[in-house]
There are 2 protein chains.
Amino acid sequence: MLKLSNRGLYGIKALYELANNYGKEPLAIREISKRHGMPVPFLEQVLHLLKKKGLVKSRRGSNGGYTLSRSPDKITLGEAVIALEGPIALCDCILKRDPDNKLEKEMRCVASNIYRKLGEKVEQAFNSVTLLELAEENSDKTYIATCK
Amino acid sequence: MLKLSNRGLYGIKALYELANNYGKEPLAIREISKRHGMPVPFLEQVLHLLKKKGLVKSRRGSNGGYTLSRSPDKITLGEAVIALEGPIALCDCILKRDPDNKLEKEMRCVASNIYRKLGEKVEQAFNSVTLLELAEENSDKTYIATCK
DNA sequence: ACTAATCCTGATAAAATTAGTCAAGTATAA
DNA sequence: TTATACTTGACTAATTTTATCAGGATTAGT
């Protein structure tokens, strides 16, 4: 269905909270979890993915938590989605490339070129949205937390 | 990962074969299956989906098989993908709408508006490619059938 | 130093989705 | 009449997603 998994959706909600919290003290997983009804242990995994890709920083111990590692206008939804869900590739054939960055023969199919072009368009679309815009989108606070 | 499932990938390969066969006698599932190494019973399901949505027609019995119901330049990859994988919606919240086509309150989240806009862009991208272009993309016949 | 809070990590289990199989049927051409 | 090929629904297997859990490491505050 070309949909995001919960991993992706949860991660984006977490980034939304961190964007609104940017410049302040770290935000704890428990607090982020509470605001959107997301399970804490799963959110730990999700934030770990974002940390591995350098989108967020963490501070351990008392008063610890997570912060964005860059300002919200410098982080795109594209980076977030790729960190959470892996590379955008409609078909695996796009990922299997030889050292010259050409598709390996065994991994080409009738639509490889088209999948590649479409994937690039999708990635561009996601990269055109920053966390700042995501945060501003909801400045009226009318959102409901329970949507998955 | 934003990738197509085998259902989608198989369906697109089948449509590629039918596009190349347009104007000729029906093409049997067994033949399509053989050309791309796809399991016959699964392909039956896939072609059934495409038939339900009116993209292909079928003829039963001896010398039977499938044909496109319109010319290849009148069928887009977007229609195909939606028939095979369901509506393009990054989050379910996009699908739950009240009779006025507004999102129901319980189903809004911090990114609903953004998911909707991005989904529309993705759909446009898929709709910009026709089966004719897909067929022409491979007129040199250099593709390998085994890519999934 | 002690303690409570919090992130870190890897293993594991439950649930959902996807992928594929099977069988009995119906329609068609020769 | 027969062989071919689509139709349909039920079923099983494999994979991925969605969590859960436990024990460890780090930090702030006292």
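Chain identifiers are assigned alphabetically (A, B, ...) following the order of the sequence lines, protein sequences preceding nucleic acid strands; residue numbering begins at 1 within each chain.
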| What nucleic acid atoms does B:Pro41 come within less than 4.0 Å of, heavy atoms only: base, sugar-phosphate, or nothing? |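 Answer is base: heavy atoms of B:Pro41 come under 4.0 Å of a base.
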If only side-chain N and O atoms of [X] are considered, is one of them under 4.0 Å from the OP1 or OP2 phosphate oxygen of [N]?
| X | N | result |
| --- | --- | --- |
| A:His48 | C:dC7 | no |
| B:Tyr10 | C:dT18 | no |
| A:Ser58 | C:dC8 | yes |

[X] [atom1] to [N] [atom2], straight-line distance once rounded to whole Å:
| X | N | atom1 | atom2 | result |
| --- | --- | --- | --- | --- |
| A:Leu9 | D:dT18 | CG | P | 8 Å |
| B:Ile29 | C:dT21 | CD1 | P | 14 Å |
| A:Glu31 | C:dC7 | CD | P | 11 Å |
| A:Leu49 | C:dC8 | CG | C1' | 13 Å |
| A:Phe42 | C:dC7 | CZ | P | 17 Å |
| B:Leu50 | D:dC6 | CG | P | 14 Å |
| A:Lys13 | D:dT18 | NZ | P | 12 Å |
| A:Arg60 | D:dT26 | CZ | C1' | 5 Å |

| query | Between B:Glu31 and B:Lys34, is the closest basic N to carboxylate O distance under 4.0 Å? | reply |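 A salt bridge links B:Lys34 with B:Glu31.
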Identify which nucleotide among [options] has an atom closest to any side-chain atom of [X], counting heavy atoms from C-beta outward.
| X | options | answer |
| --- | --- | --- |
| B:Lys51 | D:dA19, C:dT21, D:dT7 | D:dT7 |
| A:Glu44 | C:dA29, C:dC22, C:dT9 | C:dT9 |
| B:Asn63 | C:dA30, C:dC8, C:dG20 | C:dA30 |
| B:Ser5 | D:dA28, C:dA29, C:dA19 | C:dA19 |

| request: Determine yes or no for a side-chain-to-main-chain donor-acceptor pair under 3.5 angstrom, with B:Ser33 supplying the side chain and B:Met38 the backbone. | output: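 Judged by distance alone, yes, a pair lies under 3.5 Å.
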| Is the side chain of A:Glu85 donor-acceptor paired with the backbone N or O of A:Ser5 at a distance under 3.5 Å, no angle test? |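 At least one qualifying donor-acceptor pair exists.
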| task | Begin from the C-alpha positions of B:Phe42 and B:Asn6 and carry the test side-chain contact (heavy atoms from CB on, under 4.5 Å) through to its verdict. | result | CA-CA 10 Å; B:Phe42 193 30; B:Asn6 273 4; 4.2 Å; yes
| said: With salt bridge (charged side-chain N to carboxylate O under 4.0 Å, His left out) as the rule and sequence neighbours excluded, what pairs involving residues 59-80 of chain A come up? | reply: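 Listed once each, the pairs are A:Glu25-A:Arg59, A:Arg70-A:Glu79.
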| field | Side-chain donor/acceptor of B:Gln45 to base of C:dT21, under 3.5 Å | value |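 Side chain to base: pair present.
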